[in-house]
S.K.: 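Take this structure first; my questions come after.
Every chain is numbered from 1 and lettered A, B, ... according to where its sequence line falls, protein lines coming before strand lines.
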Amino acid sequence: MFKSEPSCFSFADLQSRPDGTEHWDGVRNFQARNFLRDEIAVGDGVLFYHSNIAEPAVVGLAEVVRGGYPDWTAFDPAAEHFDPQSRREEPRWYMVDVRYVRPLLRPVTLAEMKLHPALAGMALLHRSRLSVQPVTGAEWTYILQLGGVAG
DNA sequence: GCCAACGTTGGC
DNA sequence: GCCAACGTTGGC
């Protein structure tokens with residue numbers, strides 16, 4: 001699951017990109033970095049989640065089209081998420097590329113996910129501040145069914 | 001807008 | 001290496 005504030009970057013923004021692809025850069029949290037660098041691979045499915053709004057929700061599906069590689073925005077002093085501690089020889093931060101796949105027929109809200117015991121173990125409910133987090137196969141299937149999309 | 005949770009930094 | 005201070009995230 002990838003989380004984003006829609007006022008910053010929304011699922012519709014992803015759809016409107018050329019080829020529907022975008023760099024998932026700017027992540028500056030070590031645990032999320034570890035997922036981007038070590039766990040996430042080309043072809044992985046992504047649940048796109050809108051955070052920090054009235055009804056936070058999973059709104060659509062994306063997929064990883066390039067696995068973890070150094071986040072070059074950290075090297076650029078003019079970039080918003082510049083980090084002088086990240087050096088090209090020893091990058092501190094990583095990013096992946098994602099591509100728009102399709103929306104859920106209806107969003108699956110955070111409130112709804114809290115109601116389902118099958119989803120009680122989700123990182124989303126316990127590590128709410130982690131912006132990139134794992135989803136189990138069972139959770140993935142369950143959420144797609146709630147969203148009206150076949151898994 | 002408030003505030004709880006929590007990741008990160010820095011003093012010791 | 002501990003822990004207080006601080007900053008940020010994100011639900012409400």
Side-chain angles (χ1 to χ4, degrees), chain A residues 1-17 22-41 44-64 67-136 138-149:
Chain A
M1 175 180 298
F2 285 24
K3 298 162 63 180
S4 183
E5 297 188 32
S7 62
C8 178
F9 185 76
S10 71
F11 191 57
D13 291 332
L14 179 62
Q15 181 179 18
S16 71
R17 288 294 188 267
E22 181 62 283
H23 306 306
W24 205 266
D25 60 22
V27 173
R28 298 291 180 267
N29 168 284
F30 289 103
Q31 200 172 1
R33 185 280 311 272
N34 292 344
F35 285 117
L36 292 173
R37 185 188 61 188
D38 306 329
E39 307 289 335
I40 295 172
D44 283 353
V46 172
L47 296 176
F48 198 112
Y49 178 87
H50 282 167
S51 67
N52 217 7
I53 52 176
E55 279 210 315
V58 177
V59 295
L61 306 180
E63 72 173 324
V64 175
Y69 61 102
D71 181 345
W72 63 66
T73 67
F75 307 139
D76 178 2
E80 181 182 2
H81 298 290
F82 170 62
D83 180 357
Q85 296 191 76
S86 185
R87 290 169 294 116
R88 288 173 192 280
E89 321 83 73
E90 196 180 337
R92 171 182 268 210
W93 305 115
Y94 282 73
M95 62 199 215
V96 302
D97 292 354
V98 297
R99 178 195 295 147
Y100 175 92
V101 174
R102 56 182 159 157
L104 298 186
L105 294 182
R106 59 179 203 87
V108 177
T109 67
L110 175 62
E112 183 177 2
M113 287 188 274
K114 286 179 175 176
L115 296 177
H116 293 270
L119 302 178
M122 286 191 71
L124 180 69
L125 306 185
H126 301 104
R127 313 293 309 281
S128 69
R129 296 186 50 193
L130 189 59
S131 69
V132 176
Q133 47 181 257
V135 175
T136 67
E139 291 161 353
W140 171 273
T141 301
Y142 200 93
I143 289 170
L144 262 57
Q145 286 175 356
L146 291 177
V149 176

S.K.: With the threshold set at 4.0 Å, does a side-chain nitrogen-carboxylate oxygen contact exist between A:Asp83 and A:Arg28?
M.R.: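 Judged by the 4.0 Å cut-off on N to carboxylate O distance, A:Asp83 and A:Arg28 do not form a salt bridge.
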S.K.: Measure from the side chain of A:Arg92, starting at C-beta and using heavy atoms only, and say which of B:dG7, C:dG11, B:dT9 lies closest.
M.R.: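 Of B:dG7, C:dG11, B:dT9, B:dT9 is nearest to the side chain of A:Arg92.
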S.K.: Mind calculating the distance between CH2 (A:Trp93) and C1' (B:dT8) to the nearest angstrom?
M.R.: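 Taking atom C1' of B:dT8 as the reference, CH2 of A:Trp93 is at 10 Å.
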S.K.: Quick one: do the A:Ser10 and A:Asp13 side chains pair a donor with an acceptor below 3.5 Å?
M.R.: yes
S.K.: Expressed in angstrom and rounded to an integer, what is the separation of A:Arg129 atom CZ from C:dT8 atom C1'?
M.R.: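 Rounded to the whole Å, the gap is 5 Å.
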S.K.: Give the rounded distance in Å between these two atoms: NE2 of A:His81 and C1' of C:dT9.
M.R.: 13 Å
S.K.: Which listed nucleotide (B:dT9, B:dG7, C:dG11) is nearest to the side chain of A:Gln85?
M.R.: B:dT9
S.K.: Within this structure, what is the CE-to-C1' distance between A:Met122 and C:dG10, rounded to whole angstrom?
M.R.: 16 Å
S.K.: Can you tell which of C:dG10, C:dG11, B:dT8 lies closest to the side chain of A:Lys3?
M.R.: C:dG10
S.K.: So, is A:Arg127 close to the B:dG7 phosphate, meaning a side-chain N or O under 4.0 Å from OP1 or OP2?
M.R.: yes
S.K.: Please tell me whether A:Phe30 and A:Trp93 form a close aromatic pair, meaning their ring centres lie under 6.0 Å apart.
M.R.: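 Centroid distance A:Phe30-A:Trp93: below 6.0 Å, so yes.
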S.K.: Across the strands shown, which category fits A:His126 at heavy-atom distances under 4.0 angstrom: base, sugar-phosphate, nothing?
M.R.: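 Since only primed, P, OP1 and OP2 atoms lie under 4.0 Å of A:His126, the category is sugar-phosphate.
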S.K.: Counting side-chain heavy atoms from C-beta on, which of C:dG10, B:dC6, C:dC12 comes nearest to A:Lys114?
M.R.: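 That would be C:dC12.
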S.K.: Does a side-chain N or O from A:Tyr49 land closer than 4.0 Å to OP1 or OP2 of C:dT9, or not?
M.R.: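 Answer no for this pair, as no side-chain N or O of A:Tyr49 is under 4.0 Å from OP1 or OP2.
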S.K.: What's the CZ-P distance between A:Phe9 and C:dT9, to the nearest Å?
M.R.: 17 Å
S.K.: On the 0 to 90° scale, with breaks at 30° and 60°, tag the A:Trp24-A:Phe48 ring pair as parallel, tilted or perpendicular.
M.R.: perpendicular
S.K.: In this structure, how many angstroms lie between the P atom of C:dC12 and the CD atom of A:Glu5, rounded?
M.R.: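 Taking atom P of C:dC12 as the reference, CD of A:Glu5 is at 15 Å.
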S.K.: Round to the nearest Å and state the distance from A:Leu124 atom CG to B:dC6 atom P.
M.R.: 13 Å
S.K.: To the side chain of A:Leu110, which of B:dC6, C:dG11, C:dG10 is closest?
M.R.: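 Side chain of A:Leu110 sits closest to C:dG11.
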S.K.: Rounded to the nearest angstrom, tell me the gap between atom CD in A:Gln31 and atom P in B:dG7.
M.R.: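 Rounded to whole Å, this separation is 7 Å.
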S.K.: Could you give the distance from CD (A:Gln31) to OG (A:Ser131), rounded to the nearest 0.5 Å?
M.R.: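 Output value for this atom pair is 10.0 Å.
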S.K.: Start at the 5' end of DNA chain B and walk down; is the nucleotide closest to A:Arg28 or to A:Asn52 reached first?
M.R.: A:Asn52
